[in-house]
Asks: 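Below is the structure I would like to discuss, written out as structure tokens.
This structure is a prediction, so every number in the text was calculated from the model and none was measured. Residue indices begin at 1 and follow the sequence shown.
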Amino acid sequence: MYRYAKFIKASSAACLIAATAWAGAELLRPAYSGNVGIEYGSADSLLRRDGIDFHIWYPARAGGRAVTVGGNGVFHGTDAGRGAPPKEGAHPVILISHGAGGNAGQFGWIASALAEQGYVVVLPNHPGSTSDNASAPEALRIWERPQDVSAVLDGLQSAPERFPFMDLSRVGVLGFSAGGYTALALAGARVDPDRLSAFCDEGGRGMSDCYFFARAGIDLHAVDFIEAAQDLHDPRIDFAVVIDPGIVETLTHASLAAIDMPMLVVNLGDEHLVPPPVHARALSETVPGASFRIVPDATHFSFLAECKPRGAEILINEGEADPLCHDAGGRPRSEIHAELTKVILGFLNALLR
């Protein structure tokens with residue numbers, strides 16, 4: 001008993017010191033003069049013991065302190081204003097779901113672009129599937145990802161006074177890779193467990209997922225995927241943007257045909273080079289009214305943040321299996337991002353303005 005009490009006391013003191021140091025560091029940052037704010041939150045979840053952390057990007061006025069969100073030795077971060085005053089009014093909300101092994105900080109480039117155009121963007125970090133704590137067994141529990149997004153939406157709706165700049169009557173979801181599956185599940189798509197069990201029977205077919213599972217000693221045929229078949233549709237989601245969605249071949253035709261919301265589906269790269277596990281033209285033709293776009297000169301990882309000059313070298317030295325800094329070579333990632341931003345905003349503005 002004494003040992004734990006001593007630990008709590010020491011931990012509280014350490015937290016106080018850390019908080020004081022953080023506050024001092026914040027005061028030393030330059031004042032922010034841009035138009036995009038950043039805040040952070042956490043939502044309770046029945047599935048996640050420690051809750052779900054998320055980023056909030058919002059239209060802002062000058063003020064607060066200039067910070068760089070995300071970024072490390074490999075990827076560039078994105079500038080924003082911590083504590084910047086929100087612009088007047090309530091703005092449509094876009095929930096972004098990252099891919100397996102990714103994190104909220106990798107998508108500052110699109111979050112800030114959307115916030116500049118009048119959208120609030122909320123990016124959850126999916127526990128067990130982020131850069132710092134991803135694992136193969138957790139990554140397989142794909143049905144928990146849509147529930148993460150719904151839990152964050154629950155949290156936002158439970159404290160409207162904290163987020164007066166959010167119009168929670170206009171909510172959409174944007175997902176990339178495994179996050180694309182997440183967006184589809186929230187829209188009403190359902191998984192066929194037998195197809196998911198057979199997902200790696202023909203190898204990765206251009207994706208590294210099956211190598212990742214095999215390296216962890218996981219046989220998909222030995223996994224009980226019955227929970228993956230459940231209906232995870234969230235009726236509060238009004239529209240969806242789906243980028244290179246994962247496990248599209250496992251989704252049932254009937255559930256896709258029953259989706260009733262505006263949807264933009266995007267594949268990255270020349271169509272004949274898009275890996276089959278994320279090739280989404282057939283999906284877009286099954287979802288009523290969905291539109292389909294190809295963004296050429298890209299690869300699956302072109303949706304990640306721009307890489308620094310030594311980024312690719314660092315990844316090789318760290319043994320990263322995926323070419324996260326590699327694009328198709330026809331143009332830089334900054335130009336690919338500019339086209340993606342234009343395509344996504346075109347869809348959103350036509351729908352909501």
Side-chain angles (χ1 to χ4, degrees), residues 36-58 69-71 75 77-78 80 82 91-115 119-135 138-160 162-163 165-168 170-187 189 232-246 303-305 344:
V36 175
I38 181 74
E39 290 295 346
Y40 302 93
S42 182
D44 293 332
S45 167
L46 295 176
L47 289 174
R48 312 297 192 182
R49 181 185 63 185
D50 298 323
I52 303 164
D53 296 330
F54 55 89
H55 297 187
I56 304 172
W57 296 75
Y58 58 91
V69 182
F75 296 105
T78 307
R82 181 71 189 270
H91 310 278
V93 176
I94 314 294
L95 293 148
I96 294 184
S97 176
H98 64 73
N103 62 73
Q106 288 178 328
F107 299 112
W109 67 270
I110 184 64
S112 64
L114 294 177
Y119 297 92
V120 175
V121 182
V122 180
L123 298 102
N125 275 316
H126 293 286
S129 186
T130 60
S131 303
D132 294 332
N133 69 353
S135 71
E138 290 294 323
L140 283 175
R141 299 179 64 82
I142 55 169
W143 55 90
E144 295 183 345
R145 299 174 121 262
Q147 295 176 78
D148 290 341
V149 176
S150 291
V152 169
L153 190 49
D154 289 342
L156 298 176
Q157 290 185 326
S158 70
R162 184 184 168 195
F163 308 110
F165 51 85
M166 294 188 186
D167 181 354
L168 291 170
R170 295 187 292 171
V171 179
V173 62
L174 184 158
F176 163 70
S177 196
Y181 152 76
T182 304
L184 288 164
L186 289 162
L232 298 168
H233 173 228
D234 191 325
R236 297 170 295 182
I237 303 295
D238 301 314
F239 53 91
V241 177
V242 180
I243 315 289
D244 265 16
F303 202 75
L304 301 181
I344 293 168

Asks: Quick one, Trp143 and Leu232 - any side-chain contact, counting heavy atoms below 4.5 Å?
Replies: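 They are in contact (side-chain heavy atoms under 4.5 Å apart), so the answer is yes.
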Asks: Evaluate the side-chain proximity of Ile96 to Val122: yes if any heavy-atom separation is below 4.5 Å, no if none is.
Replies: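 Val122 vs Ile96: side chains apart.
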Asks: Is the closest side-chain heavy-atom distance between Phe163 and Val120 below 4.5 Å?
Replies: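 No; the side chains remain at least 4.5 Å from each other.
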Asks: Taking all atoms of both residues into account, what is the closest heavy-atom pair of Tyr58 and Ile38, and its distance?
Replies: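 The pair with the smallest heavy-atom distance is CE2-N, 3.5 Å.
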Asks: Is there side-chain contact between Val173 and Ile94, with at least one heavy-atom pair below 4.5 Å?
Replies: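 Not in contact.
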Asks: Sub-3.5 Å donor-acceptor pair from the side chain of Arg145 to the main-chain atoms of Tyr181, do we have one?
Replies: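 Between the backbone of Tyr181 and the side chain of Arg145 there is no qualifying donor-acceptor contact (under 3.5 Å).
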Asks: Heavy atoms only: give me the nearest Ala185-Pro146 pair and the separation to one decimal.
Replies: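 So the two residues come closest at CB-CG, 3.5 Å.
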Asks: How far apart are the closest heavy atoms of Pro127 and Gly51, and which atoms are they?
Replies: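 That closest heavy-atom pairing would be CG-O, 4.0 Å.
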Asks: Indicate the atoms forming the closest heavy-atom contact of Arg82 with Glu39, along with that distance.
Replies: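 Minimum heavy-atom separation between Arg82 and Glu39: NE-OE1, 3.3 Å.
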Asks: Between Phe303 and Trp109 (judged by ring centroids, cut-off 6.0 Å), do the two rings come close enough to count as a pair?
Replies: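 Ring centres of Trp109 and Phe303 closer than 6.0 Å.
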Asks: What's the separation between atom CD in Gln157 and atom CZ in Arg236, rounded to the nearest 0.5 Å?
Replies: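 Going from CD on Gln157 over to CZ on Arg236, the span is 4.5 Å.
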Asks: Do Arg48 and Asp148 meet the salt-bridge criterion of a basic N to acidic O distance under 4.0 Å?
Replies: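 A salt bridge links Asp148 with Arg48.
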Asks: If you define the side chain from C-beta out and look only at heavy atoms, does anything of Tyr119 sit under 4.5 Å from Val93?
Replies: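 When only atoms from C-beta onward are counted, Val93 and Tyr119 do not touch, as no gap falls below 4.5 Å.
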Asks: If you compare all heavy atoms of Asp50 against all heavy atoms of Ser42, which two are closest, and at what distance to 0.1 Å?
Replies: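 Looks like O-OG, 4.3 Å.
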Asks: With a 3.5 Å distance limit and no angle check, can you tell me whether Ser158 reaches the backbone of Gly155 through a side-chain donor-acceptor pair?
Replies: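 Yes, the answer is positive, given that a donor and an acceptor are paired below the 3.5 Å cut-off.
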Asks: Any carboxylate oxygen within less than 4.0 angstrom of a Lys/Arg side-chain nitrogen, looking at Asp44 and Arg49?
Replies: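 Between Arg49 and Asp44 there is no salt bridge, as every charged N stays at least 4.0 Å from the carboxylate O atoms.
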Asks: Ser177 side chain to Gly179 main-chain N or O, any donor-acceptor pair under 3.5 Å?
Replies: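 Absent.
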Asks: Side chains of His126 and Ser97: donor-acceptor distance under 3.5 Å anywhere?
Replies: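 Side-chain D/A pair, His126 to Ser97: present.
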Asks: So, using side chain to side chain contact (heavy atoms under 4.5 Å, CB included) as the criterion, who are the partners of Asn103 when residues are at least two apart?
Replies: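 So Asn103 forms a side chain to side chain contact (heavy atoms under 4.5 Å, CB included) with Gln106, Asn125, Ser131.
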